S.K.: 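The structure's right below; bear with me while I get my questions together.
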Amino acid sequence: MIEVELANRQAVQYIVRRFNLRLKHKLGQNFLIRPDVVEAIARAAELDEGTPVMEIGPGIGTLTQALARTGAEVTAFEIDGSLERVLTHTMEPYPNVHIVYEDVLKADLPHILGNREWHAAANLPYYITTPILLYLIQSELPISLFVFMMQKEVADRIMADPGSKAYGALTIAVQYYCTVEKVMDISPTAFIPRPAVTSTVLKMRRREQPAVTVKDESLFFNLVKMGFGQRRKVFANAMKMGGIPADLAGQILEKAGVDGKRRGETFSMEEYGRLADAWYDLK
Ligand code: SAM
């Protein structure tokens with residue numbers, strides 16, 4: 001089969017007609033039609049000849065093609081088995097692409113990825129962006145770099161500063177494990193069909209060590225949950241609501257040097273770290 005550019009309006013419209021596709025909104029099927037965007041994602045993913053890269057949701061192969069053209073070894077997970085008849089055609093010129101027709105959240109990733117170091121790239125399905133992102137980042141899977149497109153609103157939450165409206169448990173969950181850099185914003189006109197919102201591509205690199213060193217991670221994430229689960233409450237009250245007796249809460253705050261009259265949404269990751277270690281020491 002001759003190689004055709006997939007990431008443009010004419011090609012996507014042709015494929016949709018030729019294969020009589022009904023795009024599934026519930027699976028987040030919005031296909032990219034901008035060659036510069038798929039190329040920018042592939043560039044940001046830092047791929048060389050033979051680099052193992054996993055893609056989530058190849059769809060009809062628009063981004064997969066850009067990844068494959070770098071010479072990387074692409075393994076793409078697609079939940080919609082009905083796209084196999086399309087991808088068999090569109091990916092025919094690329095022997096370095098392997099498609100697994102499975103839900104990425106249910107696939108046996110430890111077995112499929114093995115011990116090599118992987119990069120990951122995706123135009124993530126919007127209905128399930130956060131679960132996929134958190135699953136891959138919090139897992140022990142050997143993925144060192146993630147270049148993911150998502151709704152701008154989710155990207156803003158990931159990059160938010162303490163005290164801002166967007167700052168939350170998601171900010172800390174991602175920034176604890178990864179450094180985060182914005183690659184670009186993308187308008188809804190870059191897709192067929194057009195989504196309702198602007199998208200953002202983020203580059204997240206796994207840190208060698210988490211952003212803060214704590215004695216017990218579960219205490220750290222417990223405190224984060226208290227702080228953001230009760231956003232309107234001052235932190236001393238949020239701790240009580242979270243089951244920490246008032247006198248112990250007071251001791252933890254004092255030992256950590258953190259003012260319990262502040263709200264948890266104003267605490268930096270480092271302050272949550274100090275609180276977690278104070279709790280650990282006082283337990
Ligand atoms: N990569 C293509 C592009 O950029 O044009 C398509 C991206 S589209 C936003 C998301 C794709 O993810 C769809 O093809 C959808 O079927 C697939 N998908 C949705 N949920 C999935 C899951 N849990 N596991 C794997 N693929 C999934």
Side-chain angles (χ1 to χ4, degrees), residues 4-16 19 21-45 53-69 72 74-91 94 97-109 112-113 119-136 139 141 143 146-152 154-155 183-184 186-202:
V4 290
E5 296 292 333
L6 296 171
N8 68 66
R9 179 178 300 282
Q10 290 75 16
V12 173
Q13 282 173 340
Y14 172 78
I15 288 166
V16 168
F19 290 91
L21 290 181
R22 293 187 146 263
L23 301 189
K24 296 175 181 134
H25 179 68
K26 71 172 187 352
L27 291 180
Q29 292 183 349
N30 301 91
F31 300 143
L32 274 164
I33 55 168
R34 288 247 315 263
D36 58 317
V37 173
V38 293
E39 277 156 24
I41 295 173
R43 231 182 357 261
V53 59
M54 69 176 280
E55 186 193 358
I56 299 108
I60 58 172
T62 40
L63 172 59
T64 325
Q65 179 179 53
L67 301 174
R69 282 176 167 171
V74 186
T75 299
F77 295 84
E78 175 55 64
I79 197 173
D80 185 356
S82 74
L83 292 173
E84 185 168 0
R85 65 202 169 93
V86 182
L87 286 163
T88 304
H89 280 273
T90 56
M91 291 300 110
Y94 310 106
V97 173
H98 171 62
I99 316 259
V100 180
Y101 293 96
E102 264 190 87
D103 180 341
V104 70
L105 293 175
K106 297 196 179 137
D108 186 359
L109 293 182
I112 297 170
L113 303 189
H119 294 187
N123 168 12
L124 287 175
Y126 288 173
Y127 78 103
I128 200 174
T129 303
T130 315
I132 291 179
L133 179 67
L134 289 180
Y135 169 62
L136 294 178
S139 72
L141 293 166
I143 309 170
F146 306 84
V147 179
F148 285 163
M149 184 188 300
M150 61 196 78
Q151 304 95 303
K152 180 172 183 303
V154 177
V183 178
M184 55 161 71
I186 297 154
S187 121
T189 57
F191 306 84
I192 286 180
R194 285 186 192 185
V197 294
T198 298
S199 303
T200 297
V201 179
L202 290 187

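Order of appearance sets the numbers: ligands from 1, and atoms from 1 within every ligand. It should be emphasised that the depicted structure is a prediction, and the values quoted were computed from it without experimental measurement. Values below: all heavy atoms of this structure, side chains included; hydrogens, waters and symmetry mates excluded.
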S.K.: What atoms in ligand 1 come closer than 4.0 Å to a heavy atom of E55?
M.R.: 1 (N)

S.K.: Specify the closest pair of heavy atoms between G61 and L87, including all atoms of both residues, with the distance to one decimal.
M.R.: N-CD2, 3.6 Å

S.K.: Between T62, I128, D80, which one has a non-hydrogen atom sitting closest to atom 5 (O) of ligand 1?
M.R.: T62

S.K.: Quick one: look at P58 and ligand 1, take heavy-atom pairs under 4.0 Å, and tell me if it's side chain, backbone, both or neither.
M.R.: backbone

S.K.: Can you see which heavy atom on I56 is nearest to which on P125, and at what distance?
M.R.: CG2-CD, 4.5 Å

S.K.: Determine whether more than 12 heavy atoms belonging to other residues, nucleotides or ligands lie under 6.0 Å from atom OH of Y127.
M.R.: yes

S.K.: Measuring from atom 9 (C) of ligand 1, which candidate in P131, G28, G57 has the nearest non-hydrogen atom?
M.R.: G28

S.K.: Would you say the side-chain atoms of H119 pair up with the backbone N or O of V53, donor to acceptor, closer than 3.5 Å?
M.R.: no

S.K.: Under 3.5 Å between any N/O of I132 and any N/O of ligand 1: does that happen in this structure?
M.R.: no

S.K.: Could you name the option among L27, L23, L63 that has the heavy atom nearest to atom 15 (C) of ligand 1?
M.R.: L27

S.K.: Hey, is the main chain of D80 close enough, under 3.5 Å, to the side chain of E78 for a donor-acceptor pair?
M.R.: yes

S.K.: Among all protein non-hydrogen atoms, which one is nearest to atom 4 (O) of ligand 1, and what is the separation to 0.1 Å?
M.R.: N123 ND2, 2.8 Å

S.K.: Could you check whether any heavy atom of L105 sits closer than 4.0 Å to an atom of ligand 1, since that is the contact criterion I want to use?
M.R.: no

S.K.: Which ligand 1 atoms does D103 reach within 4.0 Å, using its non-hydrogen atoms?
M.R.: 22 (C), 23 (N), 24 (N)

S.K.: Checking R34 now: which residues fulfil salt bridge (charged side-chain N to carboxylate O under 4.0 Å, His left out) with it, not counting sequence neighbours?
M.R.: D36

S.K.: Take T62 and V12 through the side-chain contact (heavy atoms from CB on, under 4.5 Å) test and state the conclusion after the steps.
M.R.: CA-CA 8 Å; T62 40; V12 173; 4.1 Å; yes

S.K.: Out of all atoms in ligand 1, which are within 4.0 Å of some heavy atom of F77? Include the element for each.
M.R.: 25 (C), 26 (N)

S.K.: Measure the distance from atom 13 (C) of ligand 1 to every protein heavy atom, then report the residue, atom name and distance (to 0.1 Å) of the closest one.
M.R.: Q29 CG, 3.6 Å

S.K.: Y127 heavy atoms, cut-off 4.0 Å: which ligand 1 atoms fall inside?
M.R.: 19 (C), 20 (N), 21 (C), 23 (N)

S.K.: Minimum heavy-atom separation for V38 and A66, please, with both atom names.
M.R.: O-CB, 3.6 Å

S.K.: Do you know which two heavy atoms are closest between L83 and G59, and how far apart they sit?
M.R.: CD1-O, 3.5 Å

S.K.: In terms of atom number and element, which parts of ligand 1 are under 4.0 angstrom from non-hydrogen atoms of F31?
M.R.: 5 (O), 6 (C)

S.K.: Hey, is E102 one of the residues with a heavy atom under 4.0 angstrom from ligand 1?
M.R.: yes

S.K.: When you measure from atom 14 (O) of ligand 1 to each heavy atom in K26, E78, M149, Q65, which option holds the nearest one?
M.R.: E78

S.K.: Does the side chain of T75 come under 3.5 Å of the side chain of E55 through a donor N or O and an acceptor N or O?
M.R.: no

S.K.: For atom 27 (C) of ligand 1, state which one of I79, I41, V104 supplies the nearest heavy atom.
M.R.: I79

